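These notes are about the structure you will find just below.
Predicted model only: the values in this text are computed from it and were never measured. Only this structure's heavy atoms are used, side chains among them; waters, hydrogens and symmetry mates stay out.
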Protein chains: 2
Amino acid sequence: MKVDSAFSHHNHHQCQTSAVEQARQLCEKNGVRFTKLREQLFTLIWQSHKPVTAYKLLDQIKGSDFSATPPTVYRTLDFLLDQGLIHRINSLNAFIGCCQPGKRHTGTFMICEQCDHALEVDNTNILNAIQKVSHQHNFQVKNYITEIYGFCPQCQSEKDNSEVQS
Amino acid sequence: MKVDSAFSHHNHHQCQTSAVEQARQLCEKNGVRFTKLREQLFTLIWQSHKPVTAYKLLDQIKGSDFSATPPTVYRTLDFLLDQGLIHRINSLNAFIGCCQPGKRHTGTFMICEQCDHALEVDNTNILNAIQKVSHQHNFQVKNYITEIYGFCPQCQSEKDNSEVQS
DNA sequence: AAATAAATGTTATAGTATTACATTATCTCT
DNA sequence: AGAGATAATGTAATACTATAACATTTATTT
Ligand SMILES: [Zn+2]
Ligand SMILES: [Zn+2]
Ligand SMILES: [Zn+2]
Ligand SMILES: [Zn+2]
């Protein structure tokens, strides 16, 4: 899976399928259960590279075998977060599949304000900068998240065609 | 006002008073009104260096001259956000006074998971790293926020005394 | 003073998340 | 296989966060 796929055309079905398979294997490796419910919700989260809210997922499991109530969804989201299989985008109250599960998480996202796609980037410079500033302030880092808002390559060119540049 | 004051003992009353005064002057300079309601809520937000939720503020204006309803609070928060006088901490659904109003905002916070205090840091390295990675992905940055979680200096030493170090 | 614009009041509702307890499915051990 | 323990899911209620729509009041402009 290519890192920039969130912002470019690609075979997303394959993208999704391989993410599910990878999640299954990681769960097995970690001795936790990738149940039908978890698989179904994880698959739904991977339906696109747009962060999706818990209640959207709730709507989508209506009619399935599972209880379409908030705890069903939130419990499963908590599991997937714990396993590092998904991330939460705080500013959107939404969830998105992790592109490097099992590897170190940088928690850095570029979020397009036009098309809502979010790209997770693994960036050492940001991590280094965070560690440096934290050290300067004698702050012991446990976790961090960086959410970058703006316009993805696609949406920039569309804007260029329709707006006067500043 | 010292930058690290959120994590250290200081004369917070003076800290709060000068923040209110600075806000008043900035509003005057920008031709917007720093009304009684806005001043009262801004003062409440500056009651400490802990991010505070809208509904906590709502509780606190009960008994005042103002209508203690959500729109009252949210509208005022929106105004203060627009003027760059406060920030929103996305992961906490909470608001905190800005330490450098009028200056460039980096939107970087170190948040102590133990004592809830949050320190806004103005850090060029993080900004540079974000601009660099955004440029690499041809992403046009409009805004960003970095929330760093961990333990502040005070809470670290308390932990050191009560826990075995790893 | 009248007209306009800005701010606040008021009511209702939408959206997000958790608590507590009951039931079912799976695992472990004999 | 069966009993007991653990994990996962079902269910009902509630708490928390935020916005929409419209009315009224206050401040500004002419
Ligand atoms: Zn894809
Ligand atoms: Zn886009
Ligand atoms: Zn202070
Ligand atoms: Zn602390």
Pairwise 5' ranking along DNA chain D for Y74(B) and R33(B), keeping only the more 5' one:
Y74(B)
Output yes if the stacking criterion (under 5.5 Å between centres, under 30° between planes) is met for Y55(B) over the base of dT17(D), else no.
yes
So that I can tick it off, tell me whether R75(A) and D78(A) are bridged by a salt bridge, with the cut-off set at under 4.0 angstrom between side-chain N and carboxylate O.
no
Answer yes or no: is there an ion pair linking K62(B) with D59(B), defined by an N-O contact shorter than 4.0 Å?
yes
Go nucleotide by nucleotide along DNA chain C from the 5' end; which of P70(B) and S67(B) gets its closest nucleotide reached first?
S67(B)
Side-chain N or O of R38(B) versus OP1/OP2 of dT8(C): is the shortest distance under 4.0 Å?
yes
Quick one: is T35(B) getting a side-chain N or O under 4.0 Å of the dT8(C) phosphate, OP1 or OP2?
yes
Which of these nucleotides, [options], is closest to any side-chain atom of [X]?
| X | options | value |
| --- | --- | --- |
| P71(B) | dA20(C), dT16(C), dA20(D) | dA20(D) |
| F66(A) | dT17(D), dT9(D), dG9(C) | dT9(D) |
| T69(B) | dT17(D), dG10(D), dT11(C) | dT11(C) |

Ring center gap for F7(A) and H137(B) short of 6.0 angstrom
no
Assess the side chains of Y144(A) and S134(A): does a donor N or O sit below 3.5 Å from an acceptor N or O?
no
